[in-house]
Trainee: 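Take a look at the following structure, please.
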Amino acid sequence: MSCTKKLLFMILALALPALASCAPPATPTALPALPETVETEGAVEPVESEPTTLRIGDTYIWDTANPAIAWYGYNYRYLIYDTLIALETMDSYGPGLAEDWAVSDDGLVWTFKIREGVTFHDGTPCTAEDVAWSFNWIKETGLENMSSFLISNARDIVALDDTTLQITVAEPVSNIEYLLMYIWILPRSVWEGMTYDDVQEFDDISAGIGTGPYKLAEWVEGEYMILEANEDYWGGPLAIQRIIIREYATEDAMVQALLAGEVDAIENVPYTAVTVLQERENVEVAILEALTVDELSINTYEDGTQPESLNDPAVRLAIEYAIDRQAIIDVAYLGYGEPATTMVPPALGDWHNSDIEAIPFDPAEGNRILDEAGYLDTDGDGIREYRDGTPLAYRLMATQGATAARMLEIISDGLAQIGISAPPVLMDGDSLYAMLAPAYDYDMIYWSWFMDPDPAFAMLLFTCDQREAWAWNDSGYCNPEFDELYRQQAVTLDHEERRQLIWQMQEMIYEARPYIVLTYGPYIQAYRSDRFTGFGLESGDIFWRAAFLQARPVQ
C-alpha cells in the first residue's frame with residue numbers, strides 16, 4: 001500500500017499512495033551555483049574548497065519540517081535528530097545519544113548513560129535533563145507518532161544527573177530498543193510552551209533543530225532540501241559536508257537525472273530501470289534485502305460490507321490456491337522478490353515463522369475446495385454461487401499504479417479459474433482509505449508495506465483496538481485470544497519465550513487469512529560509483545543513518 005519507503009518502518013504504509021494527488025513539478029528548481037573564487041582588492045584569491053556534496057534524487061522528500069507531526073521522510077530525519085538507541089541493521093541496535101544502558105532485574109527500571117558535551121544545532125546543551133524534558137513533553141502533549149507504548153507505559157522519566165537518565169515503567173517492555181529508536185530528542189528552546197494545537201500548526205524551519213550529524217539548512221516544498229554538516233556532531237567529522245535532495249515528479253525523471261550526473265544517488269529504483277542502470281558504467285545498483293511485504297487484505301470486520309461468502313474460511317483458502325505468486329514476481333516485479341507467507345519477513349531473522357509454508361498456485365485444488373464446500377455454478381455463467389444464490393463476485397482494489405495494475409490482473413485471472421469474479425479496480429489513495437476503518441466498505445485490497453525492525457508492529461495490525469479511523473487494522477480482524485498473545489509478547493523479556501508467542505500469532509493469522517501475504521521484495525537504490533563509495537548495505541537502505549555515515553567520496 002505504499003509507493004515509497006519513506007514511511008519508516010512504523011509509519012509507512014497506509015498513506016503513501018495519496019502522494020500522487022500532490023505531485024511535485026516535473027523539473028526541480030535549479031539551486032544557485034556555488035562560487036569558486038571571490039575577488040579582493042588587488043588580487044583574485046581562491047576561497048575554501050567547495051564542501052563535499054552528495055546530491056540525492058527522490059520522488060518525495062517529506063511532508064513537513066515538523067517531526068512531531070511527520071509521517072514521511074524518516075531516513076532523512078534520522079540524519080537531523082538523535083534517538084537514545086539507534087538502528088544499525090535491520091534487526092540490531094546500538095548506541096545513539098545513550099552510550100550504554102541497563103535494566104533492573106524486574107524489568108521496570110531502565111538506566112541510560114547519556115553522552116557528555118552534546119549540543120543542539122542552535123548551540124543549547126543536550127544533557128540527561130533535556131532528554132527527560134523532551135520525553136515528558138512528548139508524553140504530556142500526546143503526540144501520536146512519537147508517544148509509543150514505552151511513553152504511555154512510563155511511570156517516571158527523570159535525570160539523575162547530567163549524564164544519567166532513568167525511565168521507570170509500569171510493566172516490563174520486551175522491545176525497548178525498538179521503541180526508543182522512534183522517539184527523537186527535541187530541544188526545549190524550540191518546543192517549550194507549545195500545546196498540542198500549537199504543534200499541529202508549527203512548520204518553521206527551526207523545527208529541524210536536533211543533535212544529529214546534519215542540520216536542516218533549507219527546504220522548498222516539492223523542490224529540494226539542503227542539509228549541512230553539524231560541525232559539533234558528537235560522532236566526529238563527517239566525510240560528506242552537504243546533502244542536497246532534489247524532488248522529481250516521476251521515477252523515470254529521477255533515473256535520468258542519475259544517468260546524466262545531475263544527482264549522485266537515487267531512492268527507490270523502479271524495477272524497469274534496474275537493467276539499464278546495471279549496464280551503465282560508474283553506476284552501482286544496490287539490491288538490498290529489505291522488510292517489504294505485499295499482501296491482499298480481505299475484509300474480516302463482522303459488520304463490514306463484504307459478501308457473507310467471503311467470510312467462509314473455505315473460500316479464503318481457495319482464493320489463496322488461485323493466486324500465482326511466482327507470476328506476480330515475474331510479471332509485476334520483473335523477477336525481483338520471493339513468495340511470502342507471513343507479515344514478519346525473513347529479513348527479521350528468527351522472528352519469522354519458518355514453519356509456515358506458502359500455499360502453492362493450484363487452481364484445481366481451489367476448485368476442489370469450493371466444490372466440497374457446496375459452491376456451484378448452477379447457471380453456467382462461469383461464476384459460482386453462495387447458498388443464497390448470490391454469485392461469488394468480489395471487489396478487488398488497489399491504489400493507482402502500473403505495478404498494482406499488473407498484480408491485480410494476475411490475481412483476477414487466477415480467481416476466474418476457480419469460478420470467482422473479481423475485476424480489478426484502481427482508485428486514488430484517499431478514496432481507498434475512506435473504505436477502511438471504521439466503515440470497512442470493501443472486499444479485497446492489495447497493499448504494500450515496509451515493515452518495522454521488530455515483529456510487534458506486524459502483529460499490531462490485527463489487534464482489536466486498532467479498528468478505529470486511521471488506525472492500523474485495515475482488515476477488521478479481531479480475536480481476544482490473539483490480543484492476549486500480543487499483550488504477553490509486549491512484556492516478555494526472554495527472547496525465546498517472546499519468539500514462541502510471535503510464531504503462534506503468525507500461525508493464527510495464517511489460518512484465519514485476514515491477509516493473504518503475497519511476496520517479499522528487495523529495496524533497490526543506485527548511486528554513482530565514480531563519485532561515492534562505502535555505503536553500508538546491512539540496514540536495507542543506503543540512506544539510513546548507519547549506512548549513510550559510512551559513505552565517502554571517491555578519491
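Along the sequence shown, the residues carry numbers beginning at 1. These values consider heavy atoms only, across backbone and side chains, with no hydrogens, waters or symmetry-generated copies.
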Trainee: Centroid separation under 6.0 Å, is that true for the rings of Trp447 and Tyr433?
Mentor: yes
Trainee: Output yes when a side-chain donor or acceptor of Tyr333 lies under 3.5 Å from a complementary backbone atom of Pro522, and no otherwise.
Mentor: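 It does not hold such a pair.
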Trainee: Phe202 pairs by side chain to side chain contact (heavy atoms under 4.5 Å, CB included) with which of Thr64, Ile69, Val190, Asp197?
Mentor: Val190
Trainee: Treating Ser134 as the side-chain partner and Leu186 as the backbone partner, does any N or O pair qualify as donor plus acceptor under 3.5 Å?
Mentor: yes
Trainee: Would Ile243 and Tyr76 satisfy side-chain contact (heavy atoms from CB on, under 4.5 Å), going step by step from the backbone distance to the final call?
Mentor: CA-CA 10 Å; Ile243 306 168; Tyr76 301 137; over 6 Å; no
Trainee: Say whether Gln500 and Gln504, considering side chains only, have a donor N or O and an acceptor N or O under 3.5 Å apart.
Mentor: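 No pair is found: no donor N or O on one side chain lies under 3.5 Å from an acceptor on the other.
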Trainee: How far apart are the closest heavy atoms of Val344 and Pro455, and which atoms are they?
Mentor: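 That closest heavy-atom pairing would be CG2-CB, 4.2 Å.
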Trainee: State which residues pass side chain to side chain contact (heavy atoms under 4.5 Å, CB included) with Asp122; sequence neighbours excluded, sorted by chain then number.
Mentor: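 Result, side chain to side chain contact (heavy atoms under 4.5 Å, CB included) vs Asp122: Phe120, Thr124, Ser189, Ile209.
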Trainee: Test side-chain contact (heavy atoms from CB on, under 4.5 Å) on Val517 and Glu320; report intermediate values, then the result.
Mentor: CA-CA 9 Å; Val517 187; Glu320 186 159 8; over 6 Å; no
Trainee: Regarding Asp452 and Tyr182, do their side chains bring together a donor and an acceptor under 3.5 Å, going by distance alone?
Mentor: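 There is such a pair between these side chains.
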Trainee: Testing the 3.5 Å rule here: is there a donor-acceptor pair between the side chains of Gln506 and Asn353?
Mentor: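 No donor-acceptor contact under 3.5 Å links the two side chains.
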Trainee: Which pair of non-hydrogen atoms, one from Leu296 and one from Ile323, has the smallest distance, and what is that distance?
Mentor: CD2-CD1, 4.1 Å
Trainee: Check whether Asn230 reaches the backbone of Gly212 with its side chain - one donor and one acceptor, N or O, closer than 3.5 Å.
Mentor: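 Yes; judged by distance alone, with no hydrogens or angles, the pair exists.
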Trainee: Among Glu129, Glu116, Arg115, Lys113, which one satisfies side chain to side chain donor-acceptor pair (under 3.5 Å) with Thr163?
Mentor: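 Running side chain to side chain donor-acceptor pair (under 3.5 Å) over Glu129, Glu116, Arg115, Lys113 with Thr163 returns exactly one hit, Lys113.
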Trainee: Could you tell me whether a side-chain N or O of Ser539 sits under 3.5 Å from a main-chain N or O of Asp541, the two making a donor and an acceptor?
Mentor: yes
Trainee: How far does CD of Gln488 sit from OG of Ser174, to the nearest 0.5 angstrom?
Mentor: 11.5 Å
Trainee: If only atom types and distance count, is the side chain of Tyr477 paired as donor or acceptor with the main-chain N or O of Leu461 below 3.5 Å?
Mentor: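 No, Tyr477 side chain to Leu461 backbone: no donor-acceptor pair under 3.5 Å.
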Trainee: Just checking, any donor-acceptor pair under 3.5 angstrom between side chains of Glu267 and Gln525?
Mentor: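 On atom types as modelled, these side chains qualify, holding a pair under 3.5 Å.
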Trainee: Hey, could you give me the CG/CG distance between Leu84 and Leu179, rounded to the nearest 0.5 Å?
Mentor: 12.0 Å
Trainee: If you compare all heavy atoms of Met435 against all heavy atoms of Tyr442, which two are closest, and at what distance to 0.1 Å?
Mentor: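 Distance-wise, the nearest heavy atoms are O-CD2, 3.7 Å.
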Trainee: Main chain of Leu518, side chain of Arg325: is a donor-acceptor contact present, judged purely on distance under 3.5 Å?
Mentor: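 Yes; judged by distance alone, with no hydrogens or angles, the pair exists.
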Trainee: Looking at every non-hydrogen atom in both residues, tell me the closest pair between Gly429 and Thr399 and how far apart they are.
Mentor: CA-CG2, 4.0 Å
Trainee: Keeping the roles fixed (side chain from Lys139, backbone from Ile157), state whether a donor-acceptor pair exists under 3.5 Å.
Mentor: no
Trainee: Evaluate the side-chain contact (heavy atoms from CB on, under 4.5 Å) criterion for residues Ile138 and Trp191: first the C-alpha distance (whole Å), next the side-chain angles of each, then the deciding distance (0.1 Å), finally the verdict.
Mentor: CA-CA 10 Å; Ile138 290 169; Trp191 303 96; over 6 Å; no
Trainee: Can you check side-chain hydrogen bond (donor to acceptor under 3.5 Å, both in side chains) on Thr300 and Arg316, steps first, answer last?
Mentor: CA-CA 11 Å; Thr300 311; Arg316 296 187 179 214; 3.0 Å; yes
Trainee: So is Arg513 actually on top of Tyr515's ring, under 6.0 Å and inside 45° of the axis?
Mentor: no
Trainee: Is the backbone of Ala546 close enough, under 3.5 Å, to the side chain of Gln550 for a donor and an acceptor to pair up by distance?
Mentor: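 Side chain of Gln550 to backbone of Ala546: a pair is present.
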Trainee: Under 3.5 Å, is there a donor-acceptor pair linking the side chains of Asp156 and Gln166?
Mentor: no
Trainee: Please check: side-chain N/O of Asp443 versus main-chain N/O of Asn299, any donor-acceptor pairing under 3.5 Å?
Mentor: no
Trainee: Can you find a pair of side-chain heavy atoms, one from Pro453 and one from Met181, that are under 4.5 Å apart?
Mentor: yes
Trainee: Report the C-alpha distance between Ser475 and Asn473 in whole Å, list the side-chain angles of each, state the deciding distance to 0.1 Å, and finish with yes or no for side-chain hydrogen bond (donor to acceptor under 3.5 Å, both in side chains).
Mentor: CA-CA 6 Å; Ser475 70; Asn473 189 337; 3.3 Å; yes
Trainee: Closest approach of Asp106 and Pro172, non-hydrogen atoms and distance?
Mentor: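 For Asp106 and Pro172, the tightest heavy-atom pair comes out as O-CG, 3.9 Å.
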Trainee: Between Tyr271 and Thr403, do the side chains contain an N or O donor and an N or O acceptor separated by less than 3.5 Å?
Mentor: no
Trainee: Test Asp474 against Ile445 for side-chain contact (heavy atoms from CB on, under 4.5 Å), laying out the working first.
Mentor: CA-CA 10 Å; Asp474 59 328; Ile445 299 178; over 6 Å; no
Trainee: Quick one: SG on Cys464 to CG on Asn479, what's the gap to the nearest 0.5 Å?
Mentor: 7.0 Å
Trainee: Rounded to the nearest 0.5 Å, what's the gap from CG on Leu143 to OH on Tyr196? Could you check?
Mentor: 7.5 Å
Trainee: Under 4.0 Å between a side-chain nitrogen and a carboxylate oxygen: does that hold for Asp454 and Arg498?
Mentor: yes
Trainee: Verify whether the ring centers belonging to Tyr74 and Trp544 lie closer than 6.0 Å.
Mentor: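 No; Trp544 has its ring centre 6.0 Å or more from that of Tyr74.
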Trainee: For Trp133, which residues count as a ring pair (Phe, Tyr, Trp, His ring centres under 6.0 Å) partner, sequence neighbours excluded?
Mentor: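 Trp137.
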Trainee: For His121 and Tyr214, which heavy atoms make the closest approach, and how far apart are they?
Mentor: CE1-O, 3.0 Å
